[in-house]
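So you know, we letter chains A, B, ... as the sequences are listed, proteins then strands, and number each from 1.
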2 protein chains.
Amino acid sequence: MTKQRELILQILTHSDRHLTADEVFFLAKLQMPSIAMATVYNNLNAMTDAGFINRVHVDGSADCFEKGSDPHDHLRCTSCGKLANVSLPWLKDRLRQAVGTDISGYDLTIHYICPECRKKI
Amino acid sequence: MTKQRELILQILTHSDRHLTADEVFFLAKLQMPSIAMATVYNNLNAMTDAGFINRVHVDGSADCFEKGSDPHDHLRCTSCGKLANVSLPWLKDRLRQAVGTDISGYDLTIHYICPECRKKI
DNA sequence: TCTAAAAGTTAGAATAAATCTAAATTTATT
DNA sequence: AATAAATTTAGATTTATTCTAACTTTTAGA
């Protein structure tokens with residue numbers, strides 16, 4: 001656990017939003033100006049592989065990262081792009097059932113209009 | 001409907017697999033050596049927007065395209081990467097229900113080992 | 001403690017997917 | 001046929017991410 005990795009993990013832990021690698025890099029650079037983009041990616045990848053954090057694939061833009069709590073899926077606002085979490089504990093079993101064979105997992109993003117954007121319209 | 005667009009549509013119609021823009025470009029170039037990558041993207045985007053074909057987002061690699069039949073989701077083999085279709089007509093309603101608010105759609109990829117890869121292990 | 005190996009970091013180059021630009025060509029319209 | 005509109009082309013550009021190779025730290029053993 002290097003200083004860099006600790007910093008990156010802290011940034012993710014203290015963020016209330018999902019952050020892109022670029023955003024993590026920007027925030028990290030404020031506290032450690034010498035940090036390199038490659039280090040951010042190295043650590044995000046390493047921590048993702050180790051299961052400490054989650055990578056969220058976002059169609060058409062950069063992946064986001066979050067400190068992983070319990071497993072959950074994502075809602076993405078089609079208006080502002082913001083991500084929100086949603087817990088669907090029944091889904092994996094239901095999909096396994098529907099598919100017939102065993103499944104190792106799935107990747108789901110639900111498209112909706114978030115409450116804030118809904119108000120504005 | 002230009003010659004280029006017609007060619008691209010035919011390639012997708014006659015393919016039994018999901019094709020990346022790159023693969024479409026390669027196949028198109030065989031029959032029309034002057035065709036440009038930008039044309040392939042222009043047309044794939046235009047036909048996707050018009051609903052003639054479907055774009056499938058693939059985590060960590062290029063998007064794929066297919067001649068769109070009825071709505072369906074995708075299985076992706078974690079071993080060979082190949083995509084397969086699966087129809088889950090109940091899912092959207094079930095998700096809407098779970099989320100509470102209206103949803104405009106969703107993007108789902110189920111991870112599994114395809115029958116061919118399963119045999120090999 | 002000294003030293004060698006291993007692991008991690010850095011800057012910058014490289015790659016891949018997709019888009020943009022501006023000129024040229026094709027197609028459609030009067 | 002002349003003009004406008006749309007499309008295509010080649011190549012440059014952008015964005016996200018990975019790679020490379022030199023340099024630092026850290027770790028562990030003699």
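- Taking for each of N45(B) and K3(B) the nucleotide of DNA chain C with the nearest heavy atom, the 5'-most of the two is the partner of N45(B).
- Regarding R5(A), its CZ atom lies at a distance of 14 Å from the C1' atom of dT25(D), rounded to whole Å.
- Within the structure, a side-chain polar atom (N or O) of S34(B) is placed less than 4.0 Å from OP1 or OP2 of dT9(D).
- Residue F25(B) contributes atom CZ, which lies 13 Å from atom C1' of dA17(C) at whole-angstrom precision.
- When rounded to the nearest whole Å, the span between CZ of F65(A) and P of dT17(D) equals 6 Å.
- Counting heavy atoms from C-beta on, the side chains of D63(A) and L44(A) never come closer than 4.5 Å.
- Listed nucleotides: dT9(C), dT10(C), dT17(D). Nearest to the side chain of N43(A): dT9(C).
- At a threshold of 4.0 angstrom between heavy atoms, the contacts of S61(B) with the nucleic acid are absent.
- Formation of a donor-acceptor pair under 3.5 Å by the R55(A) side chain with backbone atoms of F65(A) is not found in this model.
- Using a 4.0 Å cut-off, no side-chain N or O of Y41(B) falls inside it from OP1 or OP2 of dT19(C).
- Of the candidate nucleotides dA17(C), dT8(D), dT17(D), dA17(C) has the atom nearest to the side chain of A62(B).
- Remark: C1' of dA11(C) and CD of Q4(A) are 14 Å apart, rounded to the nearest angstrom.
- As judged by a 4.0 angstrom heavy-atom cut-off over every strand, D22(B) is placed among residues making no nucleic acid contact.
- For the pair I110(A) and D73(A), the minimum side-chain heavy-atom distance is 4.5 Å or more.
- Among the heavy atoms of the strands, none lies under 4.0 Å from T20(B).
- A straight line from CZ of F26(A) to C1' of dT15(D) spans 18 Å, rounded to a whole angstrom.
- At a threshold of 4.5 Å between side-chain heavy atoms, the hydrophobic network of Ile, Leu, Val, Met, Phe, Trp and Tyr places L75(A) and I113(A) in two separate groups.
- Across the strands present, dT30(C) finds its partner in dA1(D); the criterion is a Watson-Crick or G-U wobble pair with both atom distances under 3.5 angstrom.
- Rounded to a whole Å, the CD1 atom of I35(B) is 11 Å from the C1' atom of dT7(D).
- Put simply, CE on M32(B) is 9 Å from P on dT8(D), counting in whole angstrom units.
- Among the nucleotides dA11(C), dT8(D), dA18(C), the one closest to the side chain of A36(A) is dA11(C).
- Between the side chain of S104(A) and the main chain of H111(B), a donor-acceptor pair closer than 3.5 Å is present.
- Atom CE of M1(B) and atom C1' of dT7(D) are 14 Å apart (whole Å).
- Where A38(B) and T2(A) meet DNA chain C, the nucleotide closest to each residue was compared, and T2(A) sits on the side nearer the 5' end.
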